[in-house]
Every structure is written in C-alpha cells, then in structure tokens.
J.: 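Here it is, the structure in full.
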Amino acid sequence: MRIFDVIKLAFKNLFRRKARTVLTLLGIVVGAVSVIIMISIGLGLDQSKQELLSQFTSLEKITVYRRYDYDDSIGQSIIGNALNDAAVESFKQIENVKAVTPLMDLGSTKLVSGKKVFDWAWIQGMDPEAMPHFEEFDNLKDGGLIPAIDDDEKTIDVILGYNIPYQFYNPKKRGDQESIWNEWYNGEGEDTREMRIDPMNDLIKLTFDHSYGNPPNIDLSGGTTEVTPIKRTKFYNLRVVGYLAFDPDYTTNDTIYMSIEDMKYLEKEYQKYMEQNQSGYYNGNSEEQEYSQVYVKAENMNDVSDIQKKIEEMGYSTSSYMSYVEPLQQKIENDQFLFLAIGCIAFFVAALNIINTMMMSTYERTREIGIMKVLGCRISDIRNLFLLEAGLMGFCGGVIGVPISYVVSYIINYMQAQQSSADMGYYVDPSLVSSGSSIIPIWLCIAAIVFSALVGFISGLYPSIRAMKLSALDAIKNE
C-alpha cells in the first residue's frame, strides 16, 4: 500500500466510529490541557522565584555577629567567641569564601565644610581590599574606591553616600537647617534638591565636637540643656575618593565609608576626646578590638548555606538573605514537581484510553485485517495503519487542547487579578499579574502537541503488534 492510501484509510477508520473517536479525543484533550496548565503554573511559580531573587541584591553576603544565647538549664547567658581580627582571619580560610571584611560604626561625629556643617554623620569602616566584592560599591556616581594602601597619613580617604552632600547646612543662617529636611528625593527622575557642597572637590573635615559652629546654649537633641563649647576643637581632614549614586534600597545613601584602619584610629581619638571632655565616659573597648559585625562574601549563592553552617560551628551567629530565600525556593520547586506530576497522571489516563480504543478496534476489525493480509497487504502497512490512527488521535487532541489551555490560563489569571484587586483595594490588570499565575509560552504549545502525538503513537504500539500477529485464515473466519 502507498503511504497516501494508509493515511486515507486511517482517517476513514477514525470517522467511521465517531462517538468512540470523540470520547477518546476528549480524554486526550483533558490530558493535554492538564499538562499545559500544570506546566504553565509551574512556569509562573518559576517567574515568581526570579522576581523574588531580583529583590535581593546581596544573596552571596553573610552577616556574622557575636553569639549571645541564654541557657535555661543553668539560668544564665552564654556569650560566644569574640568577633576580632583572629575571627576575621579564620573566616577567610573557609572554602568558597570570596571576601571578608569587619565592620566598625561611629555615629558621634560632625562634618564641617567651610561655613556649613553636617550633624551626626554615620561612618562605617570596612576593609578596602574587600570593598570591590560587595554590592554597596557597585554603583559609583563619581570617583573610585578607597585604595588598599594609604600613602597619605594626613588625610582620611572616604566614600560618601548619595544624600550626604545634600544634608550640609549653615548653622548661622536662619531656617537653613529646617530647609534640608523639607527636601526629599524619592529616587525617581532627576534630583531637584540643592547640593550643599561639591562632594569631590570641597574640603571636608571631621570633628567630635558637636557644639562647633552652633550658637551658644543650643542643644541639638531639641532639649534646653546648655551645651558647653569645647575650648579647642580638633579636626581630621577627609579626602573624598568616591561618591555613590542613589541607592533605591536606601542602604548606602546616608553612610560615609572609610578603611577599617582609619576607623580604628578615629575610635582611639574618640576615646581620648571622651576622656578629656566627658569625665572619662566611653563605651568602646580599648584592650582588644572587637567588631560589631563581619561581612562574608561567598563565591556563589549556593555556597552560602555551607559557609553559614561552618561559621556557626565556630561559635558565631549568622544571617543572610538566602536563609529566607531557600525555604521559598524549595517550596516553589516542590509545587512545580507536584503540578507536573498531576499533568502526567492525566496524560497517562488519556494514553490508557487510546490503548483501549485501539484494542477494541483490533477486535472489531479482525476480519478486515485478515482480508488485508490475504490480499497481499504487507505486515508493515497494517502496523503503520494502527500507529497512524493512534498518532492522529494524539495529535488532534493536542491541537484542540492548546486553545482550550489559553482560555483556562486566562481564567486563572483573571481570578488571581480579582483576588489581588480585593486584597490591595484597587483594580489590577490581569495581563500584569505574573507571580503565581499561568504563563503559556509558544514553545510549551508546540511541545504539548508533539508530546500528545508521541503519546498516541506509543499507545498504538501494542494494538498494532496484536494486529500484525493475527493469523490471516483465523481472521477471515472470524465473525
């Protein structure tokens, strides 16, 4: 038989028993729709995962703290190992650690530039060698990073956060301080605020004397306590080597960064200042330098959990964004597997339906098969006929299932949009809903049609083999 004759006969046989063919097709359509929808929901969950990951810019970063636990059995607190230079070195030896930097904070400082001042500058010290590996310094508006080796001991190299130049004011100019708080930049479009100093060119000095430049008898805290001016104000020259762009996460906008060595020097100077002017009151540790926290950068976000575990075994507390992301990722992956399994089960049932239909067809067409063999029809033609019929049913079921899947997908997205509208209190366009919704790309439609045809073809293997093995004489005698 010619291939054209086999195809023509296959279509004729399918339409000869329309009710059975339609019911079989219906099972295949349900299976195809189930697979497409389940995979589409899985793709929606995967997009949700990507959106979730995009919200975290430091997934490889681990923050290490000194551990403070309370032991109920002994009824007292247990303090973990000191977070000092030795601890920092031990963190660097951990496998897959890319960079480590201790952190020191100093908020009791004042900046002076000409006649303008900036109260309560928040300064943070980090290791200059580690700075290029942390996202805080990826977005420089001007300048560069702090050099690893400081050739100028007379000045302290710093990197300014975006908002710092906008927060200087003239204390002798009425209303100038209040005006800087009335201006606010939300990060959208061009900044219309007035920059009070040129961050890269103006001379900036640091002092611990908060009374400098202020009128007498004014307390910056808003109270009425009289502030006694320091007899001799000591200044420390700052050299701005870099100026950070606006940070939409507001992590770096109000911070001034310097090297950890300069920070240690300033802390000692601050201790001297407090001893001279505040009756020796000081909260620092002059015997052994301990850090408030340490940043550890992993080579890859997949290494974060192992590094955290090793650090915690050393007796420290840790935190990272991956600690929150990993459980959500695992849940999304489990949900994707569940949806795929449901779709495959539906398709398996459809495959059984095809096998049943084709088996019934071989029983009903036994005499026809015997006549075909007697007339000289090749065994391969009989096999191809049954395989083609099963494959056509699978193909047609997949083709019909694709547009139905789009309708079901739209309904899912629409219902989610309605739920989002109810939760948020305003209308949400269904086309804009992505997280957790149904997403059907073109490749999924093509794959579903090919898979449906393949399932139909495979389902027809056993019935075709049975048809091939029928004896021609026995088949002709069959009523």
Side-chain angles (χ1 to χ4, degrees), residues 63 83 88 101-113 116-131 134-137 139-148 150 152-169 180 196-197 199-200 202-213 220-221 230 233-247 249-274 277-278 282-286 289-295:
T63 304
L83 202 58
V88 173
T101 177
L103 266 72
M104 292 181 65
D105 299 322
L106 191 60
S108 300
T109 63
K110 186 170 190 173
L111 302 184
V112 179
S113 180
K116 298 182 178 68
V117 298
F118 174 32
D119 296 318
W120 306 106
W122 182 262
I123 300 176
Q124 193 168 77
M126 297 179 66
D127 184 355
E129 294 183 355
M131 283 182 177
F134 289 91
E135 290 77 3
E136 289 89 336
F137 308 101
N139 194 14
L140 282 167
K141 189 176 181 68
D142 199 357
L145 297 179
I146 297 173
D150 189 1
D152 189 356
E153 297 181 355
K154 296 182 179 180
T155 59
I156 298 174
D157 294 335
V158 296
I159 298 174
L160 295 185
Y162 180 81
N163 282 333
I164 303 300
Y166 296 94
Q167 296 178 350
F168 281 78
Y169 70 96
I180 65 173
R196 302 306 183 96
I197 64 168
M200 299 299 298
D202 288 351
L203 175 63
I204 302 176
K205 297 182 293 183
L206 180 147
T207 181
F208 302 117
D209 179 10
H210 284 280
S211 65
Y212 177 82
L220 293 177
S221 64
I230 305 300
T233 300
K234 185 175 182 179
F235 294 99
Y236 306 87
N237 292 332
L238 305 182
R239 179 176 61 187
V240 179
V241 298
Y243 174 46
L244 295 173
F246 181 81
D247 180 8
D249 293 331
Y250 298 92
T251 303
T252 65
N253 290 334
D254 300 299
T255 307
I256 303 168
Y257 296 93
M258 65 175 59
S259 72
I260 199 73
E261 295 302 322
D262 286 335
M263 180 64 84
K264 289 179 180 179
Y265 165 72
L266 283 182
E267 190 174 51
K268 291 179 180 178
E269 292 295 301
Y270 182 60
Q271 181 180 4
K272 294 177 183 178
Y273 168 82
M274 296 299 289
N277 299 284
Q278 303 293 334
Y282 178 62
N283 286 328
N285 186 347
S286 59
Q289 181 63 59
E290 293 188 20
Y291 304 111
S292 58
Q293 51 189 295
V294 173
Y295 284 165

J.: Does a side-chain heavy-atom distance below 4.5 Å link Asp157 with Pro147?
T.: yes
J.: Given side chain to side chain contact (heavy atoms under 4.5 Å, CB included), test Thr251 with Glu135 step by step and report yes or no.
T.: CA-CA 10 Å; Thr251 303; Glu135 290 77 3; over 6 Å; no
J.: Hey, are the side chains of Leu266 and Met258 touching, using non-hydrogen atoms and a 4.5 Å cut-off?
T.: yes
J.: Could you check if a side-chain atom of Gln167 sits within less than 4.5 angstrom of a side-chain atom of Asp254, using non-hydrogen atoms only?
T.: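 Gln167 reaches Asp254 side chain to side chain.
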J.: Given Val117 and Leu111, is the side chain to side chain contact (heavy atoms under 4.5 Å, CB included) satisfied, shown in steps?
T.: CA-CA 6 Å; Val117 298; Leu111 302 184; over 6 Å; no
J.: Could you measure the distance from the CD1 atom of Ile156 to the CG atom of Leu206? Nearest 0.5 Å is fine.
T.: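 Answer rounded to 0.5 Å: 6.5 Å.
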J.: If you round to the nearest 0.5 Å, how far is OH of Tyr257 from CD1 of Ile123?
T.: 12.0 Å
J.: Taking all atoms of both residues into account, what is the closest heavy-atom pair of Gly143 and Met200, and its distance?
T.: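 The pair with the smallest heavy-atom distance is CA-CE, 3.8 Å.
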J.: What's the separation between atom CD1 in Ile204 and atom OG1 in Thr155, rounded to the nearest 0.5 Å?
T.: 12.0 Å
J.: Does a donor on one side chain and an acceptor on the other come within less than 3.5 Å for Asn253 and Asp247?
T.: no
J.: So, the side chain of Ser113 versus the backbone of Lys116: is there a donor-acceptor pair under 3.5 Å, distance only?
T.: no
J.: Nearest 0.5 Å, please: how far is CD1 in Ile256 from CD in Gln124?
T.: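 The CD1 atom of Ile256 is 11.0 Å from CD of Gln124, to the nearest 0.5 Å.
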J.: Given the rule in the side chain to side chain contact (heavy atoms under 4.5 Å, CB included) test, do Leu83 and Glu290 qualify, once you have shown the distances and angles that lead to the verdict?
T.: CA-CA 5 Å; Leu83 202 58; Glu290 293 188 20; 5.6 Å; no
J.: To the nearest 0.5 Å, how far apart are CH2 in Trp122 and CG in Leu106?
T.: 8.5 Å
J.: Near Gln293 CD, under 6.0 Å, is it more than 12 heavy atoms from other residues, nucleotides or ligands?
T.: yes
J.: Parallel, tilted or perpendicular: which describes the rings of Tyr295 and Phe134, with under 30° parallel and over 60° perpendicular?
T.: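 Aromatic pair Tyr295/Phe134 classed tilted.
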J.: Fit a plane to each ring of Phe208 and Tyr273, take the angle between them on a 0 to 90° scale, and name the class: parallel (under 30°), tilted (30 to 60°) or perpendicular (over 60°).
T.: tilted
J.: Do Ile164 and Tyr243 come within less than 4.5 Å of each other through their side chains, counting heavy atoms only?
T.: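 Ile164 does not reach Tyr243 side chain to side chain.
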J.: Does NZ belonging to Lys264 count more than 12 external heavy atoms closer than 6.0 Å?
T.: yes
J.: Answer whether the closest heavy-atom distance between the side chains of Thr109 and Tyr236 falls below 4.5 Å.
T.: no
J.: Less than 4.5 Å apart, side chain to side chain, heavy atoms only: is that true for Ile159 and Thr252?
T.: no
J.: With rounding to the nearest 0.5 Å, note down the distance linking OG in Ser292 to CE in Met104.
T.: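 Atom-to-atom, Ser292:OG and Met104:CE are 8.0 Å apart.
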J.: Mind telling me whether Phe118 and Phe168 have parallel, tilted or perpendicular rings, with 30° and 60° as the class edges?
T.: tilted
J.: Are Ile146 and Asp262 close enough that some pair of their side-chain heavy atoms sits under 4.5 Å apart?
T.: no
J.: Using a 4.5 Å cut-off on heavy atoms from C-beta on, say whether the side chain of Thr207 contacts that of Phe235.
T.: yes
J.: Within the distance-only criterion (no hydrogens, no angle test), does the side chain of Lys110 pair as donor or acceptor with the backbone N or O of His210 below 3.5 angstrom?
T.: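 Flag set: sc Lys110 to bb His210 pair under 3.5 Å.
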J.: Which atom names give the shortest non-hydrogen contact between Val88 and Pro102, and what distance separates them?
T.: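 Heavy atoms of Val88 and Pro102 come nearest at CG2-CB, 4.0 Å.
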J.: Hey, is Lys272 close enough to Glu269 for a salt bridge, meaning N to O under 4.0 Å?
T.: yes
